[in-house]
Amino acid sequence: MWVEILCGLVAYKLIRAVFFSDDGLDQLADLDSSHSDLCFAVASRLEKLYGGRCFVGLRIPDPDAGARQHVDVVLVTKREVMVVAIKNLSGFVEVDKDGNWYTEKKRKQEVVPNPVLEVNRIATNLQSYLEQRGATLPNRIVSGRVVLPNPNCRPSYTINLQPEIISHDQWNDLKADTKGGLSTWIKGAFHGSKSDTQDSLLQNIYSILSTSPMWDRLELKGDKNVLGEFMEFKGRHEDMQLLKKLKRSKVSRFFIQKSTLFGGFGRSRVQILYSPRDYRAEGTSSSEWKEISVKQYTEIVFQPLQSKKVKKFKLSSVASVTLSA
């Protein structure tokens, strides 16, 4: 009887491994994608309310540090270029004697370098970067805002007084006005009385930011987004030979299709849909998409933005990957 039970367990695990993939979702249990998810959620809402276009995860030069600095979101509209910093803080937030913010968590103080000073510094660097790449910008067209989207965030009166701050209540109540495209309370925060930018300049800014360095984006099943750096693929030799086609210099984005079975009891595979990188165009026609098939347990090695550890993700747990040029 024990032999039959043991054989039954082995058969169950074998069938489960072949036909019922866990899609690698167990790998996501300890993954914190909250900040990246917030960046894309904020960007999506701003585009819906104000039109224009948002760029998430830009990496622009920081002359003071001699390195690149991360930018959460940049909103580009006909009226201005807005740098948006997102701070997912909770609890009471106060300002210390040095101007930094701090919160109390489990009797431990967490200090946050002054976000208003930081976002204004990024805005200044972004304006310099755009001008260095040939954009002739009107005065004060680039500005910064700090969004506090967490409903449990309780900023002090001093913080709320600053015009750069968009509290949770303000963000939650944000609505587009049917006449001017702006909600009445937010006009000063986002657009003010600035005049429209010429279409030629707007397209120039779009072109510059579209070809600027930015973090890679890993979109996972379950609506999780991770910004960071794509490192490499890991898998069997025959699959690695096929995946050589997905070089950063040749491909800007690829999608992972549902698993399929080959040959009865064959192992499940996934289809990767990709297109050649085109630096001249925004989109890709359907005729340019190509497809390769690899084992579903092939892995992507990825360095998340806010993690010190490199992580591996099964292709079956991935929806798409966007690669910076």
Among all residues two or more places apart in sequence or in another chain, which pass the side chain to side chain donor-acceptor pair (under 3.5 Å) test with [X]?
X      : value
Asn204 : none
Gln162 : none
Glu118 : Arg121
His168 : none

If you round to the nearest 0.5 Å, how far is [atom2] of [Y] from [atom1] of [X]?
X      : Y      : atom1 : atom2 : answer
Asp72  : Ile122 : CG    : CD1   : 7.5 Å
Ile159 : Glu94  : CD1   : CD    : 7.0 Å
Thr103 : Asn152 : OG1   : CG    : 12.5 Å
Asn125 : Asp62  : CG    : CG    : 5.0 Å
Trp171 : Leu148 : CH2   : CG    : 11.5 Å
Ile256 : Lys314 : CD1   : NZ    : 14.5 Å

What are the two closest heavy atoms between [X] and [Y], and how far apart are they?
X      : Y      : answer
Ser293 : Leu242 : O-CD1, 3.5 Å
Tyr206 : Gly52  : OH-CA, 3.5 Å
Pro138 : Leu201 : CD-CD2, 3.9 Å
Pro149 : Val147 : CD-O, 3.2 Å
Lys244 : Gln241 : NZ-OE1, 3.3 Å
Leu89  : Cys153 : O-CB, 3.1 Å

Should Ser212 and Leu209 be marked as a side chain to side chain contact (heavy atoms under 4.5 Å, CB included) after you check the CA-CA gap, both sets of side-chain angles, and the distance that decides it?
CA-CA 5 Å; Ser212 296; Leu209 295 182; 4.2 Å; yes
Counting N and O atoms only, with roles assigned by atom type, does the side chain of [X] sit under 3.5 Å from a partner on the main chain of [Y], one being a donor and the other an acceptor?
X      : Y      : answer
Thr211 : Ile208 : yes
Arg154 : Pro151 : yes
Glu47  : Cys54  : yes

With [X], which residues qualify under side-chain contact (heavy atoms from CB on, under 4.5 Å), at least two apart?
X      : value
Pro213 : Arg59, Arg68, Tyr129
Thr298 : Asp239, Leu243, Val294, Lys295, Leu315
Val251 : Leu246, Phe254, Tyr274

Quick one, [X] and [Y] - any side-chain contact, counting heavy atoms below 4.5 Å?
X      : Y      : value
Leu75  : Val81  : no
Trp101 : Val95  : yes
Lys78  : Asp199 : yes
Leu227 : Asp216 : no
Val71  : Val74  : yes
Asn225 : Leu218 : no
Phe255 : Ile272 : no
Val112 : Tyr102 : no

Lys234: partners by salt bridge (charged side-chain N to carboxylate O under 4.0 Å, His left out), with sequence neighbours left out:
Glu232
Working note: Gln271 + Ile292, criterion side chain to side chain contact (heavy atoms under 4.5 Å, CB included); need CA distance, chi angles, decisive distance, verdict.
CA-CA 6 Å; Gln271 275 64 54; Ile292 58 177; over 6 Å; no
Would you check, one step at a time, whether the test side-chain hydrogen bond (donor to acceptor under 3.5 Å, both in side chains) holds for Asn114 with Asn100?
CA-CA 4 Å; Asn114 192 319; Asn100 296 318; 5.7 Å; no
If hydrophobic residues (ILVMFWY) are linked whenever their side-chain heavy atoms come closer than 4.5 Å, directly or via other members, who joins Phe92 in its cluster?
none
Show which residues join Val301 in its hydrophobic cluster (side-chain heavy-atom contacts under 4.5 Å, direct or indirect), or state none.
Met231, Val310
Of all residues at least two apart in sequence or in a different chain, which pass the ring pair (Phe, Tyr, Trp, His ring centres under 6.0 Å) check with Phe302?
none
If you draw a 6.0 Å radius around CG in Asn160, do more than 12 non-hydrogen atoms from other residues or ligands fall strictly inside?
yes
Please tabulate, one pair per line, all N/O donor-acceptor pairs under 3.5 Å involving side-chain atoms of residues 318-325, not counting sequence neighbours.
{"unit_1": "Ser320", "atom_1": "OG", "unit_2": "Glu219", "atom_2": "OE1", "d": "2.9"}
{"unit_1": "Ser320", "atom_1": "OG", "unit_2": "Arg253", "atom_2": "NH2", "d": "3.3"}
{"unit_1": "Thr322", "atom_1": "OG1", "unit_2": "Arg253", "atom_2": "NE", "d": "3.3"}
{"unit_1": "Ser324", "atom_1": "OG", "unit_2": "Met214", "atom_2": "N", "d": "3.3"}
{"unit_1": "Ser324", "atom_1": "OG", "unit_2": "Met214", "atom_2": "O", "d": "3.2"}

Full working for side chain to side chain contact (heavy atoms under 4.5 Å, CB included) between Arg277 and Lys250:
CA-CA 5 Å; Arg277 182 184 291 279; Lys250 297 181 179 180; 5.7 Å; no
Identify which one of Asn120, Val119, Ile166 satisfies the side chain to side chain contact (heavy atoms under 4.5 Å, CB included) criterion when paired with Val146.
Val119
Would Thr77 and Arg53 count as a side-chain hydrogen bond (donor to acceptor under 3.5 Å, both in side chains) here? Give the steps.
CA-CA 7 Å; Thr77 71; Arg53 183 174 174 185; over 6 Å; no
Do we get Arg45 above Tyr50's six-membered ring, with its NZ or CZ under 6.0 Å from the centre and within 45° of the axis?
no
For side chain to side chain contact (heavy atoms under 4.5 Å, CB included), just list the numbers for Leu137 and Ile205, CA-CA rounded to whole Å, side-chain angles, deciding distance to a tenth of an Å, and then say yes or no.
CA-CA 9 Å; Leu137 303 176; Ile205 294 175; 3.9 Å; yes
